[in-house]
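Written below as structure tokens is the structure these notes are about.
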Amino acid sequence: MSKDYVIDEMISAKAIAARIEELAREIRGEFGDTPQLVLVGLLRGSFVFIADLVRELDLAVEVDFIEASSYGDAMESSREVRILKDLRSGIEGRDVLVVEDIVDTGHTLAHVIHMLKGRGPARLKTIALLDKPTRREADVKADWIGFSIPDEFVVGYGIDYAQRNRNLPFIGKVRFPG
Ligand code: PRP
């Protein structure tokens with residue numbers, strides 16, 4: 001069965017890697033003094049980004065995950081954010097960096113920040129590979145952003161369309177011809 005959509009490359013794997021190197025340098029500048037940073041990846045979309053980011057960070061880090069869902073398989077975001085899996089570790093008094101693949105309406109990131117702040121971390125910062133500022137509904141902005149993009153339907157590098165295409169090494173734009 002053929003696909004009814006086409007994926008055009010929007011951000012190459014090389015451009016992503018170069019940007020992650022820059023971001024890692026900035027994060028080391030911010031967190032270089034911390035005994036052990038906790039990187040919190042938001043599943044599922046961030047699994048590729050966090051894997052590349054953590055290997056560029058020459059720091060002592062713990063990696064943990066939260067699974068949050070706001071989309072289901074639909075293309076439109078709902079306002080409801082569900083936490084399907086919480087952290088294994090406590091973060092009280094610790095330095096935390098939340099790693100998100102894309103900030104769209106911002107409801108997911110806003111919800112997670114609110115939840116984690118309630119646990120008393122020393123520092124809580126956020127990074128998103130992609131940001132779609134024109135779609136924002138919640139009052140939130142990641143501290144570090146890889147690429148600010150227009151309101152396009154994107155896939156790849158961890159981001160899915162109906163649970164497919166997460167394994168593309170680049171960020172692509174989905175197009176529906178005809
Ligand atoms: C997507 C994406 C972000 C969130 C962004 O996750 O990975 O986490 O939506 O949207 P928002 O800014 O409008 O809240 P999704 O809920 O689709 O789950 P997934 O990561 O498992 O694909």
Side-chain angles (χ1 to χ4, degrees), residues 3-5 7-13 15-17 19-20 23 27 38-54 63-89 91 96-119 121 124-176:
K3 289 193 294 190
D4 59 353
Y5 60 93
I7 298 172
D8 300 321
E9 185 172 289
M10 188 181 182
I11 307 173
S12 69
I16 295 170
R19 184 70 184 120
I20 289 176
L23 291 166
I27 291 164
V38 187
L39 284 195
V40 174
L42 301 193
L43 294 173
R44 288 178 256 181
S46 76
F47 78 102
V48 178
F49 181 36
I50 197 170
D52 282 346
L53 182 65
V54 75
V63 179
D64 205 340
F65 293 95
I66 287 175
E67 183 167 11
S69 181
S70 64
Y71 274 44
D73 280 348
M75 283 169 63
E76 285 300 315
S77 172
S78 74
R79 283 163 188 275
E80 192 187 336
V81 178
R82 286 178 299 151
I83 300 297
L84 306 177
K85 181 218 168 298
D86 205 339
L87 294 176
R88 297 264 298 266
S89 301
I91 55 164
V96 176
L97 178 63
V98 175
V99 181
E100 176 64 299
D101 52 331
I102 182 166
V103 183
D104 188 354
T105 66
H107 291 300
T108 305
L109 190 59
H111 183 94
V112 168
I113 289 171
H114 179 75
M115 181 177 94
L116 296 183
K117 275 194 173 157
R119 299 178 188 180
L124 179 70
K125 298 278 185 184
T126 55
I127 182 169
L129 181 69
L130 303 177
D131 186 32
K132 273 190 192 174
T134 58
R135 294 263 306 164
R136 197 72 82 257
E137 292 174 12
D139 184 19
V140 67
K141 187 167 190 245
D143 296 298
W144 289 280
I145 290 164
F147 302 90
S148 186
I149 59 169
D151 184 14
E152 301 282 2
F153 181 12
V154 291
V155 291
Y157 201 75
I159 301 171
D160 73 307
Y161 169 32
Q163 298 309 330
R164 294 184 65 175
N165 302 301
R166 292 192 197 269
N167 54 333
L168 292 174
F170 56 85
I171 297 289
K173 190 159 81 173
V174 177
R175 193 158 48 82
F176 298 90

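Just so you know, ligand 1 is whichever comes first in the structure, and atom 1 is the first atom listed for that ligand.
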Going by heavy atoms, is Leu43 under 4.0 Å from ligand 1? yes

Please state which part of Thr108 comes within less than 4.0 Å of ligand 1, counting heavy atoms only: side chain, backbone, both or neither. both

Leu109 near ligand 1 by a heavy-atom separation under 4.0 Å: no

Can you find a pair of side-chain heavy atoms, one from Phe176 and one from Phe153, that are under 4.5 Å apart? yes

Enumerated ligand 1 atoms positioned under 4.0 Å from heavy atoms of Ser69: 16 (O)

State which residues pass ring pair (Phe, Tyr, Trp, His ring centres under 6.0 Å) with Phe147; sequence neighbours excluded, sorted by chain then number. none

Testing the 3.5 Å rule here: is there a donor-acceptor pair between the side chains of Thr126 and Asp143? yes

Output yes when a side-chain donor or acceptor of Asp64 lies under 3.5 Å from a complementary backbone atom of Val40, and no otherwise. no

Assess Arg166 for proximity to ligand 1: is some non-hydrogen atom of it under 4.0 Å away? yes

Show me the side-chain donor-acceptor pairs of residues 109-116 shorter than 3.5 Å, one per line, residues at least two apart or across chains.
none

List ligand 1 atoms under 4.0 Å from Asp160, heavy atoms only on the residue side. 22 (O)

Is Gly106 close to ligand 1, meaning an N/O of one under 3.5 Å from an N/O of the other? yes

Within ligand 1, which atoms have a heavy atom of Gly45 less than 4.0 Å away? 19 (P), 20 (O)

Distance filter under 4.0 Å to Arg44 heavy atoms, resulting ligand 1 atoms: 19 (P), 20 (O), 21 (O)

Residue Thr105 vicinity, atoms of ligand 1 by number, heavy atom under 4.0 Å: 11 (P), 12 (O), 13 (O), 14 (O)

Got a salt bridge between Arg119 and Asp86, using NZ or NE/NH1/NH2 to carboxylate O under 4.0 Å? yes

If we set the cut-off at 4.0 Å for heavy atoms, which region of Glu100 has an atom near ligand 1: side chain, backbone, both, or neither? side chain

Minimum side-chain heavy-atom gap Arg166-Val48 below 4.5 Å: no

Name the option, out of Val112, Ile102, Val140, that contains the heavy atom nearest to atom 5 (C) of ligand 1. Ile102

Side chain Arg136, main chain Asp104, donor-acceptor under 3.5 Å: yes

